[in-house]
Amino acid sequence: MLKFCKSNRGAFLEFNGKQIHEFKIGGYLCSFGKGANEYNMWHGSFKIKEHNYFKNDYLIKEIEVEENRLVLKSGKACITAEIINDNRIKFTPKVEDDCNRFWISLPALADEYVYGSGETFTEFNLRGKDVNVWVAEHINGVQTVKKIIKQVVGIKNTQRKQDFSNYETYYAEPTFLSSRKYYYHSETTARSEFDFTNSNKHIIKTDEICPFYIGFGESFEELLSDLTDLTGRQPELPDWVYDGAILGIQGGTDIMMQKVENALAHGTDVCGVWIQDWEGRRVTAVGKQLQWNWVWDEELYPRLDEKIKELNEKGIKVLGYVNPFLAIEKPLYKEATAKGYCVKDRDGNDYLVKITTFPAAMIDFTNPEACEWIKNIIKTNMIDFGFSGWMADFGEYLPTDCVLYSGEKPELVHNTWPSRWAQLNREAVEEAGKLGEIMFFTRSGYSETKKYSTMMWNGDNHVDYSIDFGLPSVIPAALSLTCCGFGLSHSDIGGYTTFMNLKRSDELFMRWCEMNAFTPVLRGHEGLNPDVNAQFDFSEETLAHHAKFSRIHKALKPYIKDCVTENSEKGVGVIRPIFFHYEEPRAFRESYEFMLGRDILVAPVIRENAVNRVLYLPNDRWVHLWSGRNYGSGKHTVESPLGQPPVFIRKSSERFDELMKLKDIK
């Protein structure tokens, strides 16, 4: 329980009978200032130049104390703190001057760890980092090309990390979780910066003056529960999602059906088929992309409506694809532009954004009529057509120099664009009466995405083992999402980004597949250039491997369903950091292992040609799934041939016998 108490020097905050912070007369309060940012967007990546005109620091001069309310005053500035519940405080800063910048410092300890700020792919613990909280395209084309050039000349280092400042993310959020068992969350929609580089303080800056929250807990589960009470949670997934693998297939009706039959013939448990090119294919210089016109391409997919019903009768759902862009050479764009439904530039023309090699228009989510228009397209052309889910792609590309229907300032709307896109998809599902039957999955996000999206996926990862963009990177990505309160995520089996000599091997496909079997969703993707990527049917070996782990994923259904229920009720993610349950120094530093629920620890193989994995086990009794060997805590080297990723079951689990049966699946 939280309460404010008077002290000789001012006041202090007490949580469950312990003093956790003191507010002193003469101590630092906060800073207010004014500034402006210049944004330069190229293919969804942003260069931001900041101009700060002034910054004024304020010291606490007067304190008003009540048990559930505290007012800290300093002349023209003040912060009001109100205890909202037993765990959470709302802070509201105000200043009389004309300001649009706000700085606050939180006390830090040298051995403290911090996590979150959205989805971070290269670092899990953010201590020592300066984090830019701004939604952008994670896969930067320039970075990818530089990497490929180095590989061509023989420089290949999958363990190399670039400077943290070079990375951007699809999902940014002004939220972080501390190892000291508190969270910070801001209501801002503007750009934020988390400076975790100081040994004794965390400096938080927002380009907007607005309320923020700090919540406390006795456990990390309690923290996440309170955070998601505030920000929202995901609903439970449709039951069919757990019944095996969702096959990623492209190329038309005949190819789809042939591949499904081949998978079934090899013993694969197939719960779905995801066809991203249902609306047509666009072949570009970078690969096989899509026609962004959200209408069934009957030439590429003849009789698709019939095949959806046929597959549904076999227990196999069909999923599609949609994004908030419109192909400018297609009929839907012509209708949208005639009705004024697109985002405009400053000259009043439709703002055309270049994604890879082609321009596209954006639907204006601040226009209610435009939202209803695209929502009805989703309901009619996708839900009524028979799709049981879809990839709701993109959401990161709103330019800051555009003109919106609502007249809102684009800089303050940009971060919210993914949330508005998720909300639109969620409303389409709910208005069709299909929540609980349909799963759509998003890649971009901001604070409110948590309460609208039904599933995240980790975006367009490279088809390799690189620690920055490849297989290893999706592990800290999932863990950081969990620490922000988004507890349902998965990744494309084998990654997506394929270019020149960046091609998916069969080994990579199999390693990624066996990792993803121990996540909420087992879904494939053929990648940017399917013809050069190993797929589930690449060989008899990949077919058998994929089939085995589809059966393992299905066998995990009762366990994962219970984890998903816990996430929907309490906000505790399905994929969890080890420190959630084991508060050990090594656990707080672990970025490439994860807990699946409470009882399963997974340490995926993240290096090419590896036959073993060096890993850490926390203080408990563990049983290696494949060998049945008992392990204690500490560092271990575990044999890890293909088909036997390091997976451990907690020996004291009530489901131990049930979970150990997974080893018998062939």
Side-chain angles (χ1 to χ4, degrees), residues 2-15 19-37 50-85 88-109 130-133 174-176 178 180 182-216 230 409 411-412 415:
L2 287 163
K3 67 176 181 179
F4 294 116
C5 305
K6 292 182 180 180
S7 70
N8 293 333
R9 295 183 292 184
F12 63 86
L13 175 64
E14 184 178 283
F15 178 60
Q19 180 178 324
I20 58 175
H21 186 68
E22 186 174 17
F23 305 91
K24 305 176 193 176
I25 297 293
Y28 174 75
L29 174 63
C30 64
S31 302
F32 290 98
K34 190 167 185 178
N37 295 330
E50 185 170 11
H51 304 277
N52 285 319
Y53 305 139
F54 67 84
K55 176 185 177 184
N56 295 326
D57 299 332
Y58 292 85
L59 303 180
I60 301 172
K61 295 181 178 180
E62 184 182 349
I63 300 177
E64 295 178 6
V65 186
E66 300 174 19
E67 186 173 335
N68 293 311
R69 189 171 183 269
L70 183 75
V71 182
L72 306 172
K73 297 182 178 181
S74 179
K76 294 181 179 181
C78 74
I79 295 179
T80 301
E82 298 175 274
I83 294 176
I84 304 300
N85 59 24
R88 187 191 323 146
I89 304 172
K90 180 179 181 179
F91 295 84
T92 304
K94 291 183 179 179
V95 66
E96 294 178 14
D97 294 331
D98 180 20
C99 296
N100 64 354
R101 295 289 189 271
F102 174 68
W103 289 260
I104 191 76
S105 292
L106 300 179
L109 298 179
D130 195 334
V131 185
N132 180 38
V133 184
T175 304
F176 69 83
S178 167
R180 296 173 64 191
Y182 76 86
Y183 69 79
Y184 166 93
H185 172 74
S186 174
E187 289 185 359
T188 186
T189 64
R191 173 179 171 264
S192 299
E193 183 179 351
F194 294 159
D195 182 353
F196 298 126
T197 62
N198 296 279
S199 61
N200 62 352
K201 61 183 176 181
H202 305 316
I203 302 173
I204 301 163
K205 180 178 78 72
T206 54
D207 293 352
E208 180 184 29
I209 300 167
C210 64
F212 62 93
Y213 301 84
I214 297 179
F216 302 87
L230 173 66
K409 189 176 180 180
E411 182 180 358
L412 298 180
N415 276 338

* Structure fact -> Of all heavy-atom pairs linking P107 and H202, the shortest is O-CD2, 4.4 Å

* Distance from L13 atom CG to L70 atom CG, nearest 0.5 Å? -> 8.5 Å

* **Heavy-atom pair with the smallest gap, counting every atom of F194 and F176** => CE1-CD2, 3.9 Å

* To do: Grab the two heavy atoms, one from T206 and one from S186, that are nearest each other, plus how far apart they are.
  => CG2-OG, 4.2 Å

* OG1 on T188 to CG on L412, rounded to 0.5 Å -> 7.5 Å

* Would you call E50 and R101 a salt bridge, taking side-chain N to carboxylate O under 4.0 Å as the test? -> yes

Using atom types as modelled, flag every donor-acceptor pair under 3.5 Å from a side chain in residues 55-67 to any protein atom, sequence neighbours excluded.
| residue | atom | partner | partner atom | Å |
| --- | --- | --- | --- | --- |
| D57 | OD1 | S31 | OG | 2.5 |
| E64 | OE2 | K73 | NZ | 2.6 |

* Structure fact -> Residues C99 and G33: closest non-hydrogen pair is CB-O, 3.1 Å

* Asked: Could you state the interatomic distance from CZ (F216) to CG (L2), rounded to the nearest 0.5 Å?
  -> 6.0 Å

* To do: Please name all residues satisfying ring pair (Phe, Tyr, Trp, His ring centres under 6.0 Å) with F4, sequence neighbours left out, ordered by chain then number.
  => none

* To do: Apply the side-chain hydrogen bond (donor to acceptor under 3.5 Å, both in side chains) test between D207 and each candidate in N37, N100, T189; give the one that qualifies.
  => N37

* Does the side chain of W103 come within less than 4.5 Å of Y28's, by heavy atoms? -> yes

* Structure fact -> For A108 and R180, the nearest pair of non-hydrogen atoms, with its separation, is CA-NH1, 3.8 Å

* Asked: Are the aromatic ring centres of H21 and F23 under 6.0 angstrom apart?
  -> yes

* **Ion pair K34/D98, N-O distance below 4.0 Å** => yes

* Scan side-chain atoms only and decide if R191 and N415 contain a donor-acceptor pair under the 3.5 Å cut-off. => no

* So which heavy atom on F32 is nearest to which on K94, and how close? -> CZ-O, 3.5 Å

* Measuring from S105:OG to D195:CG, what's the distance to the nearest 0.5 Å? -> 9.0 Å

* Verify the ring-centre separation between Y182 and F15: is it less than 6.0 angstrom? => no

* Structure fact -> Output for pair (E187 CD, K90 NZ), nearest 0.5 Å, gives 5.0 Å

* Asked: Hey, what do you get for CZ (F91) to CD (E82), rounding to the nearest 0.5 Å?
  -> 10.5 Å

